[in-house]
Amino acid sequence: MELRHLRTFETVARTLSVTQAARELHYAQSSVSDQIQALERELGVELLDRSQRRIRLTPQGAVLSEYTNRILKLLEEARWAVSRPGSELAVGALETVGLHLLPDVLAHYRSLYPQARVRVGQDNRGELYKAVRRGDLDLCLTFGDPPADAGLCFETLAEEPLVVIVPPGHHLAARGRAGLEELAGEPFLATERGCGFREMYDGSFGAAGRRDAPSKEPIAEVSGIGTLGACVAAGMGCALLPLISVRGQAARGEVAVVEVGDTDLRTTVTMTWLDRNSANPNLTGFQTVLRRQLGS
C-alpha cells in the first residue's frame, strides 16, 4: 500500500466527502477517487459505500481507518523524534504571558537544568496551537483552554482576574470599582476578532457573552494590547484585560485600574502540549517548574 493512498483514504474517511478531501489535500476529485479505487483493488474489498448520496465507510473501511490512523500517527512520531534535538525545549507563549510570567520560570528552569537549551517564541493563540500540533513547539502558554483536539493535552496553571483600565482622569478612576452594567455604558476598545483578548471582551460584554450582561460592541478595534493600552492612556475609552497585563501601565500612572464589582471575571493561564510528547524529560521538567512558579 502506498503511503499517499493511505493519507488520501484517511482524509476521505474523516470527512466522508471526496470533494472536501480533494480540497484539503489539494488534489483533483478524480485523483482522490482513483487512489481510493487503487487501494480497494489491492485489498480486494470495497472501502466506501457509495450507494447513498453521502458516502459511508463499509465495515472493512472502518477497520482500515483505525489502522490508517495508527500508521500515520506512528510515522509522524518518527518524523518528530528524528528531526528535533533531544536537549532542546521549544516553548511558545502569548506576548503578555511571555513578558510577565515566563522570565522567572525560565530562570528557575535554567538553574535546575543548565544543559538544556530553551527556544522561546511568541504568537497568537491559533498559531501557537498549530505549532504544538505540528511538533514545532513542545508546549505553549495561553489564556483560556485550547480547542478540542484528541492529540492535545492541557492543564490550567493559574487564574487571572480581568479588570477594566480607564484613562487616569476618568470619573471611575478614583473609585476603582464599578458594576458590569455601569461599565457597559462606557466606550470600550478591544482587540480584533479571533484574538484571545477579544474573546474575553465578547464573553463579558459582547452579544455572545453573559446572559445577564448588556451587549456592547467596541468603538474601535486594534491589533494588540500594547496599542490598546496606549489608546486608553490617550483617552479614547476603556478596555477589559487580565490584571497581569496592565500592572506596569497602572504603576506608571498611564492608566487606572477599575475592578468589576458585581461579578467575578477571570481567565485561566493554560499550558498545552502534545500527548505523544508527554514522556519528554525536558518537557516534564519544565512543566514541574511552571506548576511551582505559577501556583498550581
Side-chain angles (χ1 to χ4, degrees), residues 10-11 14-15 20-21 23-26 72-73 76-77 79-80 83-84 88-102 105 118-160 162 188-209 217-218 220-229 231 239-242 244-246 265-278 280 283 286-287 290 294:
E10 184 277 331
T11 308
R14 174 167 44 82
T15 62
Q20 189 172 336
R23 187 181 305 117
E24 188 173 318
L25 295 168
H26 305 291
L72 295 178
K73 183 177 180 181
E76 178 61 21
E77 288 183 15
R79 184 200 67 80
W80 181 88
S83 64
R84 290 285 307 281
E88 180 183 86
L89 181 74
V91 178
L94 295 174
E95 180 182 2
T96 300
V97 176
L99 180 63
H100 298 287
L101 295 181
L102 265 185
V105 173
V118 183
R119 176 168 56 86
V120 180
Q122 295 181 352
D123 215 321
N124 61 53
R125 277 167 38 106
E127 292 304 316
L128 289 172
Y129 298 143
K130 289 178 184 177
V132 171
R133 289 189 190 99
R134 292 193 304 265
D136 295 337
L137 291 175
D138 294 300
L139 176 145
C140 73
L141 294 167
T142 62
F143 291 118
D145 294 339
D149 188 316
L152 293 181
C153 299
F154 71 94
E155 180 181 328
T156 297
L157 295 169
E159 289 189 337
E160 185 67 21
L162 299 178
F188 268 80
L189 298 86
T191 50
E192 297 169 318
R193 293 193 183 279
C195 171
F197 297 108
R198 179 58 179 269
E199 292 177 10
M200 297 176 196
Y201 175 83
D202 287 341
S204 302
F205 292 105
E217 285 297 309
E221 295 181 349
V222 298
S223 59
I225 64 168
T227 305
L228 189 64
C231 289
L240 180 79
L241 290 169
I244 192 173
S245 68
V246 301
L265 298 182
R266 292 179 176 272
T267 188
T268 56
V269 179
T270 306
M271 64 175 174
T272 303
W273 69 98
L274 269 181
D275 181 40
R276 68 166 185 253
N277 198 18
S278 294
N280 180 341
L283 173 63
F286 190 74
Q287 288 174 319
L290 277 170
L294 300 185

Revision key, fill the gap. Shortest non-hydrogen pair, Pro147 vs Leu152, comes out as O-CD1, 4.4 Å

Exercise for review: Taking all heavy atoms of Arg276 and all of Gly135, pick out the closest pair and write down the distance.
Suggested key: NH2-CA, 4.2 Å

Point to revise | pair Ile244-Val97: side-chain heavy atoms closer than 4.5 Å | key: no

Check your understanding: So, Thr142 versus Tyr129: side-chain donor-acceptor pair below 3.5 Å or not?
Key -> yes

Point to revise | Side-chain donor or acceptor of Glu221 paired with backbone N/O of Arg193 under 3.5 Å | key: no

Study note, to complete from the structure: Between the CE atom in Met271 and the CD atom in Gln287, the distance rounded to the nearest 0.5 Å is 4.5 Å

Review point. To the nearest 0.5 Å, what is the distance between CG (Leu72) and OG1 (Thr11)?
Key: 8.5 Å

**Study point:** Pair Arg14-Glu24, salt bridge (charged side-chain N to carboxylate O under 4.0 Å, His left out): steps then yes or no
**Key:** CA-CA 11 Å; Arg14 174 167 44 82; Glu24 188 173 318; 2.6 Å; yes

Practice item. I would like to know whether Arg119 and Glu88 meet salt bridge (charged side-chain N to carboxylate O under 4.0 Å, His left out); could you show each step before the answer? Key: CA-CA 7 Å; Arg119 176 168 56 86; Glu88 180 183 86; 3.6 Å; yes

**Study point:** side chain to side chain contact (heavy atoms under 4.5 Å, CB included) evaluation trace for Glu155 with Trp273
**Key:** CA-CA 9 Å; Glu155 180 181 328; Trp273 69 98; 4.0 Å; yes

Study note, to complete from the structure: Rounding to 0.5 Å, atoms CG (Asp202) and CZ (Phe197) come to a distance of 14.0 Å

Check your understanding: Which pair of non-hydrogen atoms, one from Ser204 and one from Leu162, has the smallest distance, and what is that distance?
Key -> OG-CD1, 4.4 Å

Point to revise | Ala90 backbone acceptor or donor facing Asp138 side chain under 3.5 Å | key: yes

Exercise for review: Look only at the side chain of Thr191 and the backbone of Arg198, and say whether a donor-acceptor pair between them is shorter than 3.5 Å.
Suggested key: yes

Point to revise | Note: Glu10-Lys73 ion pair, threshold 4.0 Å (strictly below) | key: no

Practice item. Using modelled atom types only, decide if a donor and an acceptor are shared between the side chain of Thr227 and the backbone of Ser223 within a distance under 3.5 Å. Key: no

Revision key, fill the gap. When rounded to the nearest 0.5 Å, the distance separating CG of Asp275 from CZ of Phe154 is 13.0 Å

**Study point:** Glu192 side chain near Val222 side chain, heavy-atom distance below 4.5 Å
**Key:** no

**Study point:** Residue pairs, two or more places apart or on separate chains, that pass salt bridge (Lys or Arg N to Asp or Glu O under 4.0 Å) and touch residues 143-152
**Key:** Arg133-Asp149

Point to revise | Interatomic spacing from CD1 in Ile225 to SG in Cys231 - rounded to 0.5 Å | key: 13.0 Å

Review point. How about Glu95: does its CD atom have over 12 heavy atoms from other parts shown lying under 6.0 Å from it?
Key: no

Practice item. Give a yes or no on whether the backbone of Gly144 and the side-chain of Thr270 come within a donor-acceptor separation of less than 3.5 Å. Key: yes

Point to revise | Leu139 side chain near Leu137 side chain, heavy-atom distance below 4.5 Å | key: no

Practice item. Please report the shortest heavy-atom distance between Met200 and Phe143, naming the atom on each side. Key: CE-CB, 3.4 Å

Review point. Which distance, rounded to the nearest 0.5 Å, do you find between the CD of Glu159 and the CG of Leu294?
Key: 13.0 Å

Check your understanding: Which atoms form the tightest heavy-atom contact between Val105 and Leu290, and what is the distance?
Key -> CG1-CD2, 3.7 Å

Revision key, fill the gap. For Leu102 and Ala93, the nearest pair of non-hydrogen atoms, with its separation, is CD1-CB, 3.8 Å

Point to revise | Passing option when Leu141 is tested against Leu101, Leu94, Leu157 for side-chain contact (heavy atoms from CB on, under 4.5 Å) | key: Leu157

